[in-house]
Amino acid sequence: QVQLVESGGGSVQAGGSLRLSCAASGYTVSRYCMGWFRQALGQEREWVAGIDIGGSTRDANSVTGRFTIYKDNAKNTLYLQMNSLKPEDTGVYYCAASLQPLCFGSWSSETWFKYWGQGTQVTVSS
């Protein structure tokens, strides 16, 4: 049974940093395309960043230069380092895991991902 457990969310002031973790069990993070999504209150869930088996990454324009997605294969964990946080980054952040090694053109497609974590709340105050 695959489980993805996010942690690391919290409340910070604008300009601050957080690192989100997604610990996987029953799933090997090094072998597949994974991603982070977020959902603000009252809005649709949106893609934030993705990483594939080779370590190639993509991220949304709104977070480019501020967020970094990476994996620690030894810990079987996916991370999202978030710097220079803004109030508009507020939302619930979800880890997502696919069963494909590459993300191809589906970096931002929710349907590409089969497994989801429960989410972790990030709140950025101005």
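Index from 1, following the sequence.
For the residue pair Trp112 and Ser98, the shortest heavy atom distance occurs at O-CB, 3.3 Å. Taking both residues in full, the closest heavy atoms of Tyr27 and Cys33 are given as OH-O, 3.8 Å, listed atom of the first, atom of the second, then distance. Closest approach of Ile69 to Met34, counting heavy atoms only: CD1-O, 4.2 Å. Closest heavy-atom contact between Gly9 and Leu20: N-CD2, 3.6 Å.
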Between Ser17 and Asn83, does the side-chain hydrogen bond (donor to acceptor under 3.5 Å, both in side chains) criterion hold? Intermediate values first, please. CA-CA 4 Å; Ser17 297; Asn83 299 327; 2.9 Å; yes
Given Val29 and Tyr79, is the side-chain contact (heavy atoms from CB on, under 4.5 Å) satisfied, shown in steps? CA-CA 11 Å; Val29 300; Tyr79 295 96; over 6 Å; no
With side-chain hydrogen bond (donor to acceptor under 3.5 Å, both in side chains) as the criterion, how do Thr123 and Gln121 come out once you've worked through the C-alpha distance, each side chain's angles and the decisive distance to 0.1 Å? CA-CA 6 Å; Thr123 302; Gln121 176 70 44; 3.3 Å; yes
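Within the model, atoms CG of Leu80 and SG of Cys22 stand 10.5 Å from one another, a figure rounded to the nearest 0.5 Å. Expressed to the nearest 0.5 Å, how far OG of Ser25 lies from CD of Gln1 amounts to 7.5 Å. From Ser11, atom OG reaches atom CG of Leu85 across 11.0 Å, with rounding to the nearest 0.5 Å. One distance of note links CZ of Arg31 with CG of Asn73; it measures 10.5 Å at 0.5 Å rounding. Distance CG/Leu99 to NZ/Lys114: 6.0 Å, rounded to 0.5 Å.
A side chain to side chain contact (heavy atoms under 4.5 Å, CB included) with Cys95 is found for one member of Thr120, Thr77, Leu4 and no other, namely Leu4. Checked against Phe37 for a ring pair (Phe, Tyr, Trp, His ring centres under 6.0 Å), the options Tyr93, Trp116, Tyr94 give a single hit: Trp116.
A donor-acceptor distance shorter than 3.5 angstrom exists from the side chain of Glu6 to the backbone of Gly119, with no hydrogens or angles considered. With hydrogens and angles disregarded, a donor-acceptor distance shorter than 3.5 Å links the side chain of Asp52 to the backbone of Gly55. Distance alone, capped at 3.5 Å, places no donor-acceptor pair between the Thr111 side chain and the Ser109 backbone. With hydrogens and angles disregarded, no donor-acceptor distance shorter than 3.5 Å links the side chain of Trp47 to the backbone of Ala60. Between the side chain of Asn76 and the main chain of Ala23, no donor-acceptor pair closer than 3.5 Å is present. Remark: the backbone N or O of Arg38 is not paired with any side-chain donor or acceptor of Trp36 at under 3.5 angstrom.
Under a 4.0 Å N-O distance rule, the pair Asp59/Arg66 does not qualify as a salt bridge.
In this structure, Gln43 and Leu41 have side chains that are not in contact, with every pair of non-hydrogen atoms separated by 4.5 Å or more.
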